[in-house]
Amino acid sequence: MRGAAWAARRRAGQQWPRSPGPGPGPPPLLPPLRLLLLLLLLGGASAQYSSDLCSWKGSGLTREAHSKEVEQVYLRCSAGSVEWMYPTGALIVNLRPNTFSPARNLTVCIKPFRDSSGANIYLEKTGELRLLVRDIGGEPGQVQCFSLEQGGLFVEATPQQDISRRTTGFQYELMSGQRGLDLHVLSAPCRPCSDTEVLLAICTSDFVVRGFIQDVTHVPEQQASIIYLRVSRLHRQKSRVFQPAPEGSGHWLGHVTTLLECGVRPGHGEFLFTGHVHFGEAQLGCAPRFSDFQRMYKNAEERGINPCEVNME
């Protein structure tokens, strides 16, 4: 038993179990927490509400020294952050959008702060825990995504001799299923997009630009590649990913990221780059050669199946 079940046992007069000694850590899937619901019904969890409904910042020092309660944090926003200083005990983070939307249509993505430490982050549903972010040994800044139907976030402090320099934190985003697919595809992003996927990406992406690859930098510690672009035509951008080139040539400069495993290299030719902005970073989606895009767009236009129109000039 872990987390909430431990708190329930303690309320019954049993001692808080000791954490396992050094080792490889808990497996991704942990046994059911049968007493989680009972704990909540008995009032064994305190509630914390964020003033702006998007982000929460709290401290384990506000707890009584002997307290092992599971605190509830409620956030109602499409994006924000959680920052837990001096973590002790556990948090349950309840994420919901600020507009009505069925949970089955929502994807949650979290990105831990690079210096986050002091707690493990789990996906929890009906008492079962699946490890998302390990306190020690996890990849810093690695994005994790799941459907809101799969459960919520359970953040459990790990035993520390000195919590004074520990802060657990992460950013989160809630998005519709279609946008969430972009981050899910990061687990297998290297296959070329189909014609249908390209045409849909043109309509739904945060940025759509035509241009050239100037350079590629590989960052092994982040398992990422940064692609530097020189853009000749800016079809759309929802944030300032691309900035006018300083020489006033009418071009734009910017960069996008993709996974290191894709093996992106600088290449000749003009491409159409699409993608979404997540956690302030532009992430590459479909990127066909512009000549291939012209062909597929013309074919779809002749058949009357274009999902949206794009100025091809």
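When a residue number appears, it is its place in the shown sequence, counting from 1.
No side-chain heavy atom of L253 sits under 4.5 Å from any side-chain heavy atom of L229. The shortest side-chain heavy-atom distance between R230 and F242 does not fall under the 4.5 Å cut-off. Proximity of D195 to N299: side-chain heavy atoms (C-beta onward) are nowhere separated by under 4.5 Å. Side-chain contact between V133 and I110: present, with at least one pair of heavy atoms (C-beta onward) separated by less than 4.5 Å. Two residues are said to be in side-chain contact when any heavy atoms from C-beta on lie closer than 4.5 Å; F273 and I213 meet this criterion. Side-chain contact between L153 and L132 is present, with heavy atoms from C-beta onward closer than 4.5 Å. Within the 4.5 Å cutoff, side-chain heavy atoms of L75 are placed close to those of V82. The shortest distance between side-chain heavy atoms of L129 and L131 does not fall below 4.5 Å.
Here the closest heavy-atom approach between residue P87 and residue R166 is recorded as CD-O, 3.5 Å. Across all their heavy atoms, S225 and V216 have their closest contact at CB-CG1, 4.3 Å. The nearest pair of heavy atoms linking S249 to A245 is OG-CB, 4.0 Å. Minimum heavy-atom separation, V241 to A282: CG1-CB, 3.6 Å. Taking all atoms of both residues into account, the shortest heavy-atom contact from V108 to L148 is CG2-CD1, 3.6 Å. In terms of heavy-atom proximity, C193 sits nearest to V198 at CB-CG2, 3.7 Å.
Side-chain atoms of T107 never come within 3.5 Å of backbone atoms of S147 as a donor-acceptor pair (strictly under, hydrogens ignored). Remark: the backbone N or O of N120 is not paired with any side-chain donor or acceptor of D135 at under 3.5 angstrom. Side-chain atoms of T167 never come within 3.5 Å of backbone atoms of W84 as a donor-acceptor pair (strictly under, hydrogens ignored). With hydrogens and angles disregarded, no donor-acceptor distance shorter than 3.5 Å links the side chain of T274 to the backbone of G285. Remark: side-chain polar atoms of E124 are paired, donor with acceptor, to backbone N or O of G127 under 3.5 angstrom. Under a 3.5 Å cut-off, the side chain of K125 and the backbone N or O of E149 do form a donor-acceptor pair. Counting only distance, with no hydrogens or angles, the side chain of E173 and the backbone of H278 share no donor-acceptor pair below 3.5 Å. In this structure, the side chain of Y172 does not engage the main chain of S55 through any donor-acceptor pair within 3.5 Å.
To the nearest 0.5 Å, the span separating CD on E301 from CG on L199 amounts to 10.5 Å. One distance of note links OG1 of T158 with CZ of R134; it measures 11.0 Å at 0.5 Å rounding. Remark: Q144 CD to I121 CD1 distance equals 9.5 Å, nearest 0.5 Å. Between the OG atom of S205 and the CZ atom of R236 there is a distance of 7.0 Å, given to the nearest 0.5 Å. Put simply, CZ on R289 and NE2 on H268 are 9.5 Å apart, with the number rounded to the nearest 0.5 Å. Taken from CZ in R233 to CH2 in W252, the straight-line distance is 8.0 Å, to the nearest 0.5 Å.
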- prompt: Should F207 and Q283 be marked as a side chain to side chain contact (heavy atoms under 4.5 Å, CB included) after you check the CA-CA gap, both sets of side-chain angles, and the distance that decides it?
  reply: CA-CA 10 Å; F207 62 88; Q283 298 179 345; over 6 Å; no
field: Pair F293-I202, side chain to side chain contact (heavy atoms under 4.5 Å, CB included): steps then yes or no
entry: CA-CA 10 Å; F293 168 70; I202 301 303; 3.7 Å; yes
field: Criterion side chain to side chain contact (heavy atoms under 4.5 Å, CB included) on Q223 and E261, from CA distance to verdict
entry: CA-CA 7 Å; Q223 290 297 298; E261 67 187 68; 5.8 Å; no
- request: Verify side chain to side chain contact (heavy atoms under 4.5 Å, CB included) between K57 and M85, making sure each step is shown before the conclusion.
  value: CA-CA 8 Å; K57 185 174 183 179; M85 300 178 294; 3.9 Å; yes
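Between F154 and Y122, the ring planes are tilted. Angles from 30° to 60° get that label.
Among I226, T217, I227, the one residue that satisfies the side chain to side chain contact (heavy atoms under 4.5 Å, CB included) test with V264 is I227.
Transitive grouping of hydrophobic side chains (ILVMFWY, heavy atoms separated by less than 4.5 Å) brings L234 and V277 into a common cluster. Both V310 and F290 are members of a single hydrophobic cluster when ILVMFWY side chains are connected at heavy-atom separations under 4.5 Å.
Using modelled atom types and a 3.5 Å distance limit, the side chains of S232 and H251 yield no donor-acceptor pair.
Within a 6.0 Å sphere centred on CD of E302, other residues, nucleotides and ligands contribute more than 12 heavy atoms.
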